[in-house]
Structures are given as C-alpha cells and as structure tokens.
Chemist: 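Submitted below is the structure of interest, expressed as structure tokens.
Any value given below was found using the heavy atoms of this structure, including those in side chains, with hydrogens, waters and symmetry copies removed. Convention: sequence-line order gives letters A, B, ...; per-chain numbering from 1.
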Amino acid sequence: MKDVLLNPGLDRYALYVIFAAMASYTIAFLVFVWHLSRLSSKSKKLQKTAVSLERAGLIILIVSVLLHGSGVVMRGIAAARVPWANMYEFSITGSFMIVAIFLCAWFVKEIRVIAVLVTAFALLVLGSATTLFYVQVKTLMPALQSYWLVIHVTVAVLATAFFNIAAALAVAYLLRNWTWLNKSKAPGIQLIKRVLSVFPESKKIESLSHRFNVIGFILWSFTLVAGAIWAERAWHRFWGWDTKEVWTFIIWTIYAGYLHATATRGWTGARAAWLSLVGFAAVLFNFTIVNLFFKGLHVYSGLK
Amino acid sequence: MSLPSNVTHGDEVRSPKLGLAGWVRWIWGQLTSMRTALLLLLLLAVAAIPGSLLPQRSSDPNGVTNYFQQNPTSAPTLDKFQLFDVYTSSWFSAIYLLLFISLIGCVFPRVRHHWDALRSQPIETPRSLKRFPAYLAKASKQAGSLELIAEQLRARRFRVRTTPTSVSAEKGYLRETGNLLFHISLIGVLVSVGIGGATSFSGQRVLVEGETFVNNLAGYDSFSPGVWFDAKTLVPFSVKLNKFQATFDLRNKTNIGTPLDFQAFVSVRNKVSSQTSNSTIRVNYPLEAPGANIYLTGNGYAPVLTFRDKDGNVSFSGAVIYMPQDANYTSLGVIKLPDAKPKQFGVLSFFYPTKAQLKTGAFTSGYPAPVDPLVSMNVYVGDLGLDNGIPSNVFSLAVHGLKQVAGGKSGTKALTLELGQTVQLPQDLGSVSWDGLKRYASLDIDYNPMQVWVFIFAMLAFAGLITSLLTPRRRVFARKTETGFELAGMAKSDDPRLQGILEELVLGLKVRKK
C-alpha cells in the first residue's frame with residue numbers, strides 16, 4: 001500500500017457534522033410523533049394540519065440525511081479510504097443507508113407510518129456509534145486491503161438496511177394486530193389505539209415488509225457468497241466457521257425460513273412477522289455482540 | 001421446498017392401520033412436507049449457535065486446549081456432545097442431511113411437475129371468477145373483445161389458451177425454474193463441499209529469508225490432507241523466499257506502527273519445465289502455483305544466532321524463528337541445545353525490534369520495525385527431554401524440572417545482546433553471538449480441486465434465487481358475460497401489479513377501438 005496521509009483534523013469536523021445530524025434527527029423524530037398524534041386526533045381540524053406536519057418532518061429528515069451523508073463522506077476523506085472499516089464507520093454508514101433507502105421508498109404511502117421508528121433507530125445507532133464505538137482514523141490493515149472490502153461490506157450494509165425497514169414494518173404489523181391492545185379498555189391505551197387505527201391495513205404492511213425482506217435476503221446471499229470468495233483470498237479457505245461466518249449463516253437460514261414460512265399456509269401474518277424480528281435481532285447480535293465479545297477473524301471494531 | 005399451491009402432500013389424514021410400506025410412505029410424506037423443512041431450517045440455525053459460543057477445534061485449536069485447562073470438569077462433558085466440533089458433529093450433520101433429504105424429496109417431484117407444466121397449456125378458465133384477488137367486470141358491446149384481450153396477453157408474453165367464450169393465460173414460469181435451479185444448486189454446493197473436503201489438502205510452512213520450500217510431504221511443517229488425498233499428486237515446484245518486507249506507518253501520529261503492507265518476494269521454480277519466475281505474495285493476493293495456492297498468513301523475525309562451547313566448538317548456528325507476541329513484535333524464541341558440552345541447556349529468548357524499557361525495568365518493544373533491536377535470553381540447564389525420542393514442540397520449552405541459570409530469580413541477570421555482539425553464557429556453557437537478523441514468512445499452501453465447483457454451484461444458486469424471487473408468476477382469466485366480459489387475475493405470491501394489469505387490458509381495448 002502506498003503511504004497514506006490521514007487527516008485527524010477533518011475527522012473532528014466530520015464528527016461535529018454527525019452530531020449536527022443527530023440533533024436534526026431528534027427534531028425530525030419529534031415532528032413525526034407530533035404528526036401521528038395529530039393524525040389520530042378526534043378533531044377534524046387538527047387532522048387537517050397533520051399533512052403539513054408530515055411534510056415538515058420529511059424536509060427535516062432530508063436535511064438530517066444530507067448532514068449525515070456529509071459526515072460519512074468527510075470521515076472517508078479523512079481516512080483516505082471507504083468509510084466502513086471499523087465498527088464506528090459501519091454504524092454511521094449503515095444508519096445512513098437505512099434512512100436513505102427509507103426516503104427512496106417514501107413514495108409508497110403506507111411506508112411513511114414507520115418514519116418514527118426509522119428516525120429513532122438512526123438516532124440510537126448514531127448515539128452508540130459516537131459514544132461507544134468511536135475510534136480515530138486509522139489506515140487499513142493488510143487483510144482489509146482488497147476491493148472486496150468495497151463489494152462485500154457495501155452489500156452487507158445495504159442488506160442490513162433492508163432487513164431493518166422490514167423489521168420496523170413487522171413491528172407495525174404486530175402492534176396493529178395485538179389482540180390484547182385492541183381489546184383493552186384502559187384510558188391510556190385509547191390514544192395508542194387511535195394512533196394504530198391510522199396505520200395502513202395489516203395486509204398492506206405485511207406485503208411491504210415481505211418485499212423488503214426479499215430484497216434483503218438477496219443482498220444477504222450475495223454478502224455471504226462474496227464473503228466466501230474474499231475469505232478464500234485472504235484466509236486461504238472459503239468457509240471456516242469463523243464466528244462471523246457462523247452468524248452470517250444463521251441469519252441467512254432464519255430469513256430463508258421466513259421466506260418458506262410466508263409461502264406456507266398457517267405461517268404467514270404474525271408468525272412471519274416474529275420470524276422477521278428474530279432475523280433482525282440476529283443481525284443486530286452479529287453486529288454488536290459478535291463484533292465486540294466473540295473471538296474470531298472478523299475483529300475489526302478497532303476497540304480495545 | 002416451496003410447493004406450488006395446487007400440490008399438497010404430507011398433510012393428509014390417514015387411517016391408523018398402515019403397515020411397513022405405509023409407515024415408510026407416511027414418514028417420507030412428513031419429511032418432505034414444507035412444515036418439516038421449515039422446522040429443520042430453523043433447527044439448523046439454532047444448532048449452529050453453540051459453535052460460535054465455544055472454541056472449535058477446526059478454527060481455534062488453542063482455544064479448545066485453553067478451555068480444557070480452565071474448565072477441567074465441564075469440558076469433557078461438552079466434548080462428549082461434540083460441542084468443540086459442532087460443524088462436523090453427528091447431530092449437526094443429522095439436521096442438515098435430513099434437511100437435504102427433505103429438499104431432494106420435495107424438489108424432484110416438482111421438477112417433473114414443472115416440466116409437465118412447461119409443455120402444457122394454461123389451465124382451463126374457472127367457472128366463477130368473482131372470488132379472485134384481482135377482478136373486474138366490464139359492460140361492453142364491442143365484438144371480439146376476448147380475441148383482443150388474448151392478443152394483448154400474447155404481446156405481454158403470456159402463454160394463452162382460448163375457447164370461444166373464455167381466455168386463460170399464464171406467465172412467469174421462470175419463477176419456478178429459478179426456484180428449482182436454486183434448490184438443486186444447493187445440493188450441488190453441498191456435494192462439492194463434501195468431495196472437496198475429502199480430496200483437498202492444507203499445509204503450513206515457515207520460510208526464513210533465503211530458504212526454499214519444495215512441494216513434497218517433507219517440505220511441510222504441518223500437513224492435513226483429506227481422506228482421499230494422494231500425496232503423489234503434489235506438483236513438483238519450489239518456492240524460495242528471497243526477501244520479506246514489512247511496511248509500518250511512521251507518518252501519521254495516531255497510527256504509528258500500524259502495518260501498511262507485507263510483501264514476500266519469492267522465486268518459483270517449476271521442476272518440470274525448469275523455469276524460474278519471480279513474484280510477490282501479499283495478504284489477499286496469494287501465489288497461484290500449479291496445483292496449489294500459497295497464502296501469506298504471518299511473519300516475524302528470525303535472529304541468526306551462534307552458540308559455541310568454551311573451546312570454541314559450534315553447538316548451534318542458524319536463524320531462529322521468534323513468534324510475535326504483540327503488535328510491536330515483541331517476540332519469543334526457543335533454542336534447545338541437547339548436544340552442548342559440558343551439559344545440555346535450553347534458552348527462552350525475547351526479541352525486541354525497537355527496545356524500550358517499562359517502569360518495572362522490563363524490556364518491551366516500542367515499534368515493530370528493527371530500529372534499535374535487542375535480544376534477551378533466559379538460560380535453563382537440565383534434561384531437555386529430547387533424548388528419549390518423543391517429539392516435542394520446537395516453539396516451547398518445558399521449564400518444569402529445569403534449573404534456571406540466567407534471568408528471572410536465578411541470581412544472574414538475563415543475557416542481553418545487541419546485533420553483532422557476543423556474550424558469555426553462565427556456568428561455563430560457552431558463548432552466544434548474534435550475527436544477523438532475518439525475517440520469515442508463514443505460508444499456507446492449500447488446494448481444493450472442488451473449489452471451482454462450489455463456486456459454480458453457488459453462482460447458479462444465486463442466479464436461481466434472484467430469478468425466482470423477482471419473477472412474478474401470474475394467471476389472467478377472461479370470460480364472456482351476458483353484458484360484456486369479466487377479467488380475473490391471481491399470482492403465486494403477493495403481487496401489487498395484478499389489478500393494474502387487468503385495467504391496462506381494458507384500456508388496451510379502447511385504444512384499439514379508436
């Protein structure tokens with residue numbers, strides 16, 4: 001590798017931009033919550049203001065994602081390479097992808113209802129990234145110096161983003177179909193019930209969630225195959241049951257199960273939604289616990 | 001595994017008197033049912049978990065040894081359940097073999113079914129269309145509407161079957177083709193991996209600068225062949241390590257000492273053609289030799305040391321491989337001198353490429369390149385245990401039972417040498433000189449003849465997967481009614497475009513009319 005000049009000064013500014021994005025996401029989150037409460041309001045007049053609140057939320061979310069994207073790009077320039085070589089960088093890039101893909105799907109009206117969940121998740125990821133995973137810019141270790149870093153990791157991050165949106169939709173589905181909640185007469189629940197009543201019908205949520213999972217599964221399969229090809233080059237075998245490989249396989253199997261479930265009578269609906277959530281829990285587990293606490297070859301968190 | 005909805009099996013209720021053949025058929029039906037396949041799939045995911053929680057012999061043998069030392073009571077029990085060999089264990093194998101049997105039992109009937117479907121016409125138009133997921137009725141007096149609809153459907157590449165009063169059309173047969181290709185390719189992957197495991201080999205060799213590896217069994221430090229591997233198939237070639245170069249960052253303050261590049265400069269000689277060529281092996285860029293790939297998996301320092309007895313006779317001379325212990329290459333080396341006079345002794349030695357001193361006075365290394373190198377030595381006398389012929393690890397010295405005569409609490413300070421220095425050993429053991437510093441490369445030499453097949457089947461599976469998941473399979477029906485006609489559509493999976501297609505067909509009629 002050629003001599004690389006890192007730019008820690010620019011990285012500091014990149015971090016400030018990420019903080020600005022977090023502030024902006026916070027505002028977007030609050031606006032979306034406000035929007036939902038207006039939408040489910042009993043008064044027709046208040047309901048009408050909901051449309052403009054949604055538009056305001058969208059604009060703030062676009063500003064947030066632009067800030068977020070600039071932070072990611074600046075980090076990449078500061079490190080003189082792709083910004084996804086350690087846990088901090090995966091987190092900021094991954095959460096950026098999630099919001100970006102969500103915004104690309106904004107034209108699907110029914111998906112807008114999970115704006116609250118997506119913004120909250122992005123905020124949570126950026127919060128943990130900046131406080132728990134942050135490391136200064138470093139050069140790439142020789143094992144990561146490969147074009148597969150671009151291919152394998154980009155697609156893995158994309159797959160995660162699709163699984164994430166599908167999981168958020170699964171949450172919406174389960175809330176909508178929660179018998180206990182729907183039967184409850186407690187006063188506090190009434191508000192939640194009104195919010196849920198403005199959710200799109202569950203069939204629609206289910207099919208949207210399924211579509212995101214299908215694309216996520218294709219991307220995850222690609223990640224797995226690309227990872228095996230890279231592993232053959234870097235570690236002299238295409239599959240060795242390294243902890244990260246094990247969890248990639250587990251996630252693949254769970255989502256394969258999900259796809260079979262949705263094609264089987266009696267396994268659609270809530271069961272499929274739960275499987276989708278189990279799958280996403282495994283994705284999160286693979287990213288956090290496996291990265292930080294498991295021994296293996298994929299030790300790229302950069303944390304000590 | 002995902003069956004067409006019009007095929008069912010395994011779920012029917014049967015009478016209790018089955019007989020042997022009946023039982024076999026019942027079990028086969030159960031095994032190949034979708035529900036069983038789904039459960040086996042999820043079970044496989046769960047069964048894979050323990051292998052990530054416990055160290056595995058295949059990927060982390062040292063971890064297993066440590067686990068046995070730290071948990072002497074529970075480890076043997078866990079071992080009984082093959083929990084240190086999860087992925088080759090009988091229970092894990094049982095799950096995936098059952099899964100694949102289930103898959104085969106499911107896929108092959110579907111291949112026949114699909115083959116028939118591909119060569120036959122779409123099904124007859126059902127009598128009642130009103131209950132279909134997409135439906136529309138149109139009052140129309142236009143003559144030949146059905147013919148026009150059929151024509152439009154053909155233009156949309158539907159397969160069409162017509163009667164004077166009805167149209168039945170189907171498209172998206174590729175969905176099932178892709179699905180079958182995916183599942184059959186998975187069987188291909190499994191079989192290739194299995195055969196590959198039996199016919200491949202994997203070996204290791206540490207090469208010091210100037211040394212040559214010859215590709216035969218004697219050339220390897222360790223060699224693990226598959227059960228069907230024949231050592232005669234090793235292609236005769238040799239690899240000489242001319243120079244090893246490691247580059248570390250000196251420029252960026254936050255990154256000092258981080259490795260930037262490792263390069264092994266080698267000459268490869270083909271013994272058959274007697275041609276020699278030079279190449280470089282780097283991490284991620286293995287050398288592709290005939291019948292073997294050579295990977296760079298590690299590196300370190302090999303100080304050249306010479307031990308002489310007090311009369312000046314050489315008892316050992318050569319490059320000693322030191323194992324790196326930390327990121328700055330503080331390295332540990334072991335030298336055993338069983339033939340030394342007057343008595344045998346062993347040396348536990350540390351190498352510091354750039355020496356630095358901790359507050360305790362102990363040495364450490366401050367930078368991984370040899371800026372200011374130092375070697376320190378602890379000397380032990382006693383029976384090294386090499387005379388009884390039992391092989392022992394050359395990289396470790398069992399100090400138990402030996403007497404330390406230099407370093408530690410022996411009363412004599414550990415010996416320290418700078419490059420080029422000679423120092424006297426205690427107790428009349430003679431002297432040691434540090435004559436030079438070489439680097440070494442750890443190489444992995446692997447070959448799996450089935451790897452290309454694993455790749456091909458994986459690619460086919462991926463192609464099948466994409467085709468299957470992204471091709472919608474649709475059926476469209478049309479039937480004449482008293483007032484006009486009605487249209488209906490159904491899809492294999494959730495299909496948001498269905499109603500739209502029906503509307504477009506109606507719109508198409510109007511365009512024609514004008």
Chemist: Heavy-atom cut-off 4.5 Å, strictly under: side chain, backbone, both or neither for Thr297(B) against chain A?
Modeler: side chain

Chemist: Pairing donors with acceptors under 3.5 angstrom, does anything connect the side chains of Ser276(A) and Asn213(A)?
Modeler: yes

Chemist: Classify the ring geometry between Phe163(A) and Tyr255(A) as parallel (under 30°), tilted (30 to 60°) or perpendicular (over 60°).
Modeler: parallel

Chemist: Under 4.5 Å from any heavy atom of chain A, what part of Leu250(B) do you find: side chain, backbone, both or neither?
Modeler: neither

Chemist: By a 4.5 Å heavy-atom criterion (distance strictly below it), what part of Trp148(A) contacts chain B: side chain, backbone, both, or neither?
Modeler: neither

Chemist: Looking at Asn284(B), Leu469(B), Ile49(B), which makes the most heavy-atom pairs under 4.5 Å with chain A?
Modeler: Asn284(B)

Chemist: With no hydrogens and no angle check, just 3.5 Å: does a side-chain donor-acceptor pair link Lys244(A) and Asn291(A)?
Modeler: yes

Chemist: For Val454(B), is it the side chain, the backbone, both, or neither that has a heavy atom closer than 4.5 Å to a heavy atom of chain A?
Modeler: side chain

Chemist: Taking all atoms of both residues into account, what is the closest heavy-atom pair of Ala491(B) and Leu498(B), and its distance?
Modeler: N-CD2, 3.8 Å

Chemist: With sequence neighbours left out, write down each residue that passes ring pair (Phe, Tyr, Trp, His ring centres under 6.0 Å) with Phe199(A), or none if nothing qualifies.
Modeler: none

Chemist: Can you see whether Tyr134(A) engages Asp11(A) through a side-chain donor-acceptor pair at a distance of less than 3.5 angstrom?
Modeler: yes

Chemist: Measuring heavy-atom distances to chain B, does Phe293(A) have an atom under 4.5 Å in its side chain, in its backbone, in both, or in neither?
Modeler: neither

Chemist: Phe455(B), Phe262(B), Tyr295(B): which one forms the most heavy-atom pairs within less than 4.5 Å of chain A?
Modeler: Tyr295(B)

Chemist: Sort Arg211(A) into side chain, backbone, both or neither according to what part of it lies under 4.5 angstrom from a heavy atom of chain B.
Modeler: side chain

Chemist: For chain B, which candidate among Phe238(A), Trp252(A), Tyr258(A) shows the most heavy-atom pairs at distances under 4.5 Å?
Modeler: Phe238(A)

Chemist: Taking side chain as everything from C-beta outward and backbone as N, CA, C, O, which of these in Ile229(A) sits under 4.5 Å from a heavy atom of chain B? Side chain, backbone, both or neither.
Modeler: side chain

Chemist: If you measure only the distance, is there a donor-acceptor pair under 3.5 Å linking the side chains of Asn293(B) and Glu288(B)?
Modeler: no

Chemist: Using the side-chain hydrogen bond (donor to acceptor under 3.5 Å, both in side chains) rule, collect all pairs that involve residues 460-473 of chain B, keeping only residues at least two apart or in two chains.
Modeler: Glu170(B)-Arg473(B)

Chemist: Where does Trp247(A) contact chain B at under 4.5 Å (heavy atoms): side chain, backbone, both or neither?
Modeler: side chain

Chemist: Measure distances from Phe182(B) to the heavy atoms of chain A and classify the residue's part below 4.5 Å as side chain, backbone, both or neither.
Modeler: side chain

Chemist: Side chain, backbone, both or neither: which part of Leu275(A) has a heavy atom under 4.5 Å from chain B?
Modeler: side chain

Chemist: With a 4.5 angstrom heavy-atom cut-off, could you sort out which part of Glu232(A) is near chain B: side chain, backbone, both or neither?
Modeler: both

Chemist: With no hydrogens and no angle check, just 3.5 Å: does a side-chain donor-acceptor pair link Thr258(B) and Asn255(B)?
Modeler: yes

